[in-house]
Structure formats: C-alpha cells, structure tokens
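In each ligand, atom 1 is the first atom listed, and ligand 1 is the first ligand listed. Since we're looking at a predicted model, the values are computed, not measured.
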Amino acid sequence: MPRPILIAPSVLPADFSRLGEECAALEQAGVDRIQWDVMDGVFVPNLTFGPDVIASIRPHVTVPFEAHLMVVNPDELLGRYVDAGCELIIVHAEACTHLHRTLGRCRELGAKAAVALNPATPAATIEHVLDLVDMVLVMTVNPGFGGQAYISTMESKITEIAALIREGDHDVDVEVDGGIGPSTIEGAARAGANVLVSGSALYKDPDGLAHAVADLRARAEAARQ
Ligand code: DX5
C-alpha cells in the first residue's frame with residue numbers, strides 16, 4: 001500500500017509581514033502541514049524563524065507544523081520547537097554528533113522525529129536509525145535558500161532510502177525538499193517520495209495556492225500509477 005501523498009509548503013517565500021494570514025491561506029489552500037525552515041546562520045548562510053515566531057502563529061491555524069532544524073546545535077533547541085507547537089522535528093544528520101540519541105530525544109519530548117540528509121550525505125547514514133524516525137528528508141537542494149534548482153541526481157538516493165524502509169518494514173515517510181514544482185515533483189514521487197515540500201513553486205502559481213496544491217498533489221499521485 002503506497003504511503004499517502006502529503007503536500008508540506010515551506011513558508012520561506014511568504015510575506016513575513018503577514019505571516020499569520022499567510023499560514024491561514026496555506027491551510028485554506030488544502031496543505032497537509034506547514035514546514036518551518038529554521039536556519040541559524042551557521043549551519044546554513046541564512047537566518048529565519050525562532051520558536052517564539054512559530055508559537056505566535058500556532059493558535060491561528062490547525063494544520064500540523066514541522067520544524068526543519070538547519071542548525072548546528074539541534075539538541076539544545078529541540079524542546080523549544082516542540083513547545084512552540086511543532087509536532088514533527090527534523091534534524092540534519094550532518095549536525096548531530098550522536099544522531100541516534102538526538103532522534104530518541106525528539107520522541108522523549110513527545111514529538112515525531114525525522115532525519116534530513118544534505119545532497120552529499122549518503123543514504124547509508126540513516127540505515128541504523130530507521131526504527132527511531134517517522135520520516136527521512138532527502139534534500140534536493142543544498143539547504144539555506146528557496147528558489148534553487150532541483151538536484152535530480154538525488155532521485156537514486158530517494159529510491160535507495162525507500163528500499164531500506166520497505167526492506168525493514170518500517171513505518172516511515174520519505175520527504176523531499178528543494179526545487180519541487182510541476183516539472184520536478186513527478187520524478188521525486190516516482191523515485192519514492194511521498195511528502196513533498198514546496199515553497200517558490202507554490203507561490204508562483206498564477207492560479208493561486210489552492211490550484212498549486214491540488215496540481216502538485218495530482219502530479220505526484222499520477223507519477224506513482
Ligand atoms: C532550503 C529550503 C528550501 C525550501 C523550499 O534550505 O528548505 O528547500 O524549503 O524552497 P523551494 O521550494 O523554493 O525550492
């Protein structure tokens with residue numbers, strides 16, 4: 001049974017002066033959850049959302065939040081983003097000295113846990129933590145900014161990770177993030193991704209967010225037929 005296709009927008013391209021309204025619009029457009037790209041200016045050369053920003057938005061929308069921690073010290077920040085209302089925490093394998101322990105800590109805090117891999121990081125990195133995660137995020141750009149080009153060579157990694165999950169009979173989603181839009185989503189879904197993060201492509205759709213969400217979902221579903 002294929003895992004459900006989920007559309008998780010990045011709010012990076014949103015109008016930050018109206019962030020609450022923008023998140024409400026994403027919910028109205030039919031997204032399955034919202035991804036917060038948390039950046040510390042060190043792990044990636046950009047700086048974004050603190051936990052208090054997310055906490056201020058939390059009461060205004062009902063869709064689940066996931067925090068994509070692009071930070072050098074995830075262990076110190078896990079609890080802050082759980083308390084801010086993120087039900088799923090994504091940590092980068094590259095930022096964790098003890099990844100197994102960090103993922104277990106996410107769950108101890110009552111959150112779902114996910115591990116992200118940058119483009120150069122091999123799939124084997126997550127081989128021994130699949131029992132500790134609810135999702136694996138395969139970055140299809142080098143993290144730090146929206147609007148970058150999709151790295152299609154990541155599709156073989158997506159397929160490799162999906163096979164590891166299947167072979168171990170793990171209940172784990174495969175998420176992709178970076179350059180996902182109408183011309184790339186089918187390749188990612190066909191490769192094995194079922195959670196699709198999109199930022200700029202959603203906001204660029206001339207027919208609006210609802211059309212963009214429905215179109216991406218339909219393309220991903222069709223790609224798996
Ligand atoms: C990179 C960010 C982006 C963002 C999506 O660190 O994680 O991938 O979420 O950006 P787009 O969809 O514009 O590539």
Nearest protein heavy-atom contact for atom 11 (P) of ligand 1: which residue, which atom, what distance?
S200 OG, 3.5 Å

Is the ring pair H92/F43 parallel, tilted or perpendicular, if the boundaries are 30 and 60 degrees?
tilted

Looking only at protein heavy atoms, which one is nearest to atom 6 (O) of ligand 1, and what is the separation?
G144 N, 2.7 Å

I161 side chain near V138 side chain, heavy-atom distance below 4.5 Å
yes

Quick check: are there more than 12 heavy atoms from other residues, nucleotides or ligands sitting under 6.0 Å from CG of N73?
yes

For G178, atoms of ligand 1 separated by under 4.0 Å from a heavy atom:
8 (O), 14 (O)

Under 4.0 Å from one or more heavy atoms of S10, ligand 1 contributes atoms 4 (C), 5 (C), 9 (O)

Residue, atom name and distance, where the atom is the protein heavy atom closest to atom 12 (O) of ligand 1:
G199 N, 2.7 Å

Would G179 count as a polar contact of ligand 1, with the cut-off being nitrogen or oxygen pairs under 3.5 Å?
yes

CA sep, side-chain torsions, deciding dist, call: F145, V44, side-chain contact (heavy atoms from CB on, under 4.5 Å):
CA-CA 9 Å; F145 300 91; V44 292; over 6 Å; no

Assess whether a salt bridge exists between R80 and D83, defined as any Lys/Arg side-chain N lying under 4.0 Å from an Asp/Glu carboxylate O.
no

Under 3.5 Å, N or O to N or O, is S198 touching ligand 1 that way?
no

Output yes when the distance from some N or O of ligand 1 to some N or O of D177 is under 3.5 Å, and no in every other case.
yes

Please classify the P143 to ligand 1 contact at 4.0 Å (heavy-atom distances, strictly less than): side chain, backbone, both or neither.
both

Please name all residues satisfying side chain to side chain contact (heavy atoms under 4.5 Å, CB included) with A93, sequence neighbours left out, ordered by chain then number.
L99, V115, L117, T125

Closest protein heavy atom (residue, atom, distance) for atom 9 (O) of ligand 1
D37 OD2, 2.8 Å

R101: side chain to side chain contact (heavy atoms under 4.5 Å, CB included) partners, not counting sequence neighbours:
H98

Which atoms of ligand 1 are found less than 4.0 Å from any heavy atom of G146?
10 (O), 13 (O)

What atoms of ligand 1 come closer than 4.0 angstrom to any heavy atom of F145?
1 (C), 3 (C), 6 (O)

Polar contacts were defined as any N/O atom of the residue lying under 3.5 Å from an N/O atom of the ligand; does this apply to M70 and ligand 1?
no

Using a distance-only test with no angle check, is there a side-chain donor-acceptor pair under 3.5 angstrom linking Y150 and E155?
yes

